[in-house]
Amino acid sequence: MSDQPPAKPVHASDSDNIYANPLGHVAGFSFDQNVVNVFPDMIKRSVPGYATIITMIGTLAEQYATSGSRCYDLGCSLGAASLAMRHRIQAADCQIIGVDNSQAMIERCQDVFDADCGEVPVTLICDDLENVKIENASVVVLNFTLQFINPDRRDRILQRIYDGLNPGGVLILSEKVVFQDQQHDQLMIDLYHNFKRANGYSDLEIAQKRTALENVLIPETLDTHRQRMKKVGFLSCDVWFQCFNFASMIAIK
């Protein structure tokens, strides 16, 4: 009998304790192997409404995916949005393209899809999303991805997505947001921190994670997102889900 512990199931996740102990220097947040190992737990405890957003991405893809088209999950991490789309799309001959620039994420994501029984073909690409051509797309998902990209590059990225979408195609954009009214913005931050405390994070973890994300995750207002969508050509764009300072928008070409 082997002395090795049994292998964890593909979907198993360690508990997120990355910031549980005092750190002499808090490095900038990155999607490295340590984050990959705890990512499902981190997301569940850190992003209010995440499970609902993922489920509804599948529902939206079921409605908007068209036969023979592509659905893109840009910044796919471990493939939650891609899985949701894969199990709801009914249109024939669709394929899903998942893109992430973290090799550790893509490798674990591939394990997830190797164990999945969905029938829609999924191709995973390890690269910066700006290097991946968007074409013949009916659905594009940016699920908490754009916020990690320098604001100076965001217009160009959304223009490329718009240009690669077929008429009637949709972009689903989920982001952490800020609010122009400072009192309201602080209220949303306080409520969010209470959400994290209720999910077991200490004040030390909350503070160190916030330091790690400073200048790495750069949120914008909902109006800024709307204006950018209009600028690149989308016919309509508005919020379909919001919880505290986390929101998801849908833009239609």
Does the side chain of Arg228 come within less than 4.5 Å of Thr224's, by heavy atoms? yes
Distance alone, cut at 3.5 Å: any donor-acceptor contact between the side chains of Asn166 and Asn136? yes
Side chain to side chain, Arg70 and Cys94, heavy atoms closer than 4.5 Å: no
For the CZ atom of Phe244 and the CD atom of Gln242, what is their distance to the nearest 0.5 Å? 10.5 Å
Do Glu175 side-chain atoms and Gln147 backbone N/O form a donor-acceptor pair below 3.5 Å? yes
List the atom of Phe113, the atom of Gly79, and the distance in Å for their closest heavy-atom pair. CZ-O, 3.9 Å
May I ask you to decide if Asp41's main-chain N or O and Asp16's side chain share a donor-acceptor pair within less than 3.5 Å? no
Would you compute the distance between atom CD1 of Ile89 and atom SG of Cys71 and round it to the nearest 0.5 angstrom? 4.0 Å
Asp185 and Phe179 have their tightest heavy-atom pair at OD1-N, 3.0 Å
Minimal non-hydrogen separation, Ala81 against Asp73, with atom names: CB-OD2, 3.6 Å
If you look at every heavy atom in Ala20 and Glu205, which pair is closest and at what distance? CA-CG, 3.4 Å
Please give me the minimum heavy-atom distance between Lys253 and Leu235, naming the atom from each residue. C-CD1, 3.8 Å
Note, Phe144 side chain near Ile53 side chain (heavy atom, < 4.5 Å): yes
Option passing side chain to side chain donor-acceptor pair (under 3.5 Å) with Asp223 (candidates His225, Gln227, Arg226): Arg226
Indicate if Val120 and Leu78 have the same hydrophobic cluster label, given that clusters are the connected sets of ILVMFWY residues with side-chain heavy-atom separations under 4.5 angstrom. yes
Do the charged groups of Arg160 and Asp163 touch, with an N to O distance under 4.0 Å? no
Which heavy-atom pair separates Leu23 from Gln208 by the least distance, and what is that distance? N-OE1, 2.8 Å
Are Leu124 and Gln110 side-chain neighbours, meaning at least one heavy-atom pair lies under 4.5 Å? yes
Could you walk me through whether Asn245 and His184 satisfy the side-chain contact (heavy atoms from CB on, under 4.5 Å) test, starting with their C-alpha distance in whole Å, then the side-chain angles of each, then the deciding distance to 0.1 Å, before giving a yes or no? CA-CA 10 Å; Asn245 47 357; His184 186 75; over 6 Å; no
Report yes or no: do Val132 and Val232 belong to one cluster of Ile/Leu/Val/Met/Phe/Trp/Tyr joined by side chain heavy-atom distances under 4.5 Å? yes
Should Val141 and Val139 be marked as a side-chain contact (heavy atoms from CB on, under 4.5 Å) after you check the CA-CA gap, both sets of side-chain angles, and the distance that decides it? CA-CA 7 Å; Val141 175; Val139 178; 4.1 Å; yes
Do Tyr192 and Phe246 have side chains that get closer than 4.5 Å, going by heavy atoms? yes
Ring-face cation contact, Tyr201 with Lys196, 6.0 Å cut, 45° max: yes
Result for side chain to side chain donor-acceptor pair (under 3.5 Å) between Asn143 and one of Ser174, Ser82, Ser248 points to Ser174
Report the C-alpha distance between Thr123 and Ile96 in whole Å, list the side-chain angles of each, state the deciding distance to 0.1 Å, and finish with yes or no for side-chain contact (heavy atoms from CB on, under 4.5 Å). CA-CA 6 Å; Thr123 299; Ile96 296 169; over 6 Å; no
Side chains of Val26 and Tyr19 in contact at under 4.5 Å (non-hydrogen atoms): yes
Side-chain donor-acceptor pair present, Gln103, Glu107, cut-off under 3.5 Å: yes
N/O donor-acceptor pair under 3.5 Å between Ser102 side chain and Phe31 backbone: yes
Can you see whether Tyr50 has Lys44 sitting over its ring - NZ or CZ less than 6.0 Å from the centre and within 45° of the normal? no
Taking atom types as modelled, is there a side-chain donor on Asn37 or Asp14 under 3.5 Å from an acceptor on the other? no
Starting at CG of Leu146, measure out to CZ of Phe148 and round the result to the nearest 0.5 Å. 11.0 Å
Rounded to the nearest 0.5 angstrom, the CG-CZ distance for Leu217 and Phe29 is 9.0 Å
Can you tell if the side chain of Cys237 reaches within under 4.5 Å of the side chain of Ile250, non-hydrogen atoms only? no
So if you build clusters from Ile, Leu, Val, Met, Phe, Trp, Tyr with side-chain heavy-atom gaps below 4.5 Å, do Val216 and Val36 land together? yes
Got a second to check how far Ile206's CD1 is from Thr211's OG1, nearest 0.5 Å? 12.0 Å
Where the side chain of Tyr64 meets the backbone of Val170, is there a donor-acceptor pair that is under 3.5 Å apart? no
Given Ile18 and Met42, is the side-chain contact (heavy atoms from CB on, under 4.5 Å) satisfied, shown in steps? CA-CA 10 Å; Ile18 292 176; Met42 176 184 286; 3.9 Å; yes
Can you get from Val178 to Leu222 by hopping between Ile, Leu, Val, Met, Phe, Trp and Tyr side chains that sit under 4.5 Å apart? no
Does Met249 belong to the same Ile/Leu/Val/Met/Phe/Trp/Tyr cluster as Ile161, with side-chain heavy atoms less than 4.5 Å apart forming each link? no
Does Arg86 come within less than 4.0 Å of Glu119, counting only side-chain N to carboxylate O? no
Between Ser67 and Asp93, is any side-chain donor less than 3.5 angstrom from a side-chain acceptor? no
Under 3.5 Å: donor-acceptor pair, side chain of Ser69, backbone of Thr66: yes
How long is the span from the OG1 atom in Thr221 to the CG atom in Asp181, to the nearest 0.5 Å? 12.5 Å
For the pair Thr52 and Thr55, evaluate side chain to side chain donor-acceptor pair (under 3.5 Å) and give the outcome as yes or no after the intermediate values. CA-CA 5 Å; Thr52 298; Thr55 299; over 6 Å; no
Is a salt bridge present between Asp203 and Arg197, judged by a nitrogen-to-oxygen distance below 4.0 Å? yes
Quick one: do the Arg153 and Asn150 side chains pair a donor with an acceptor below 3.5 Å? no
Any side-chain heavy atom of Leu129 sitting closer than 4.5 Å to one from Ile149? yes
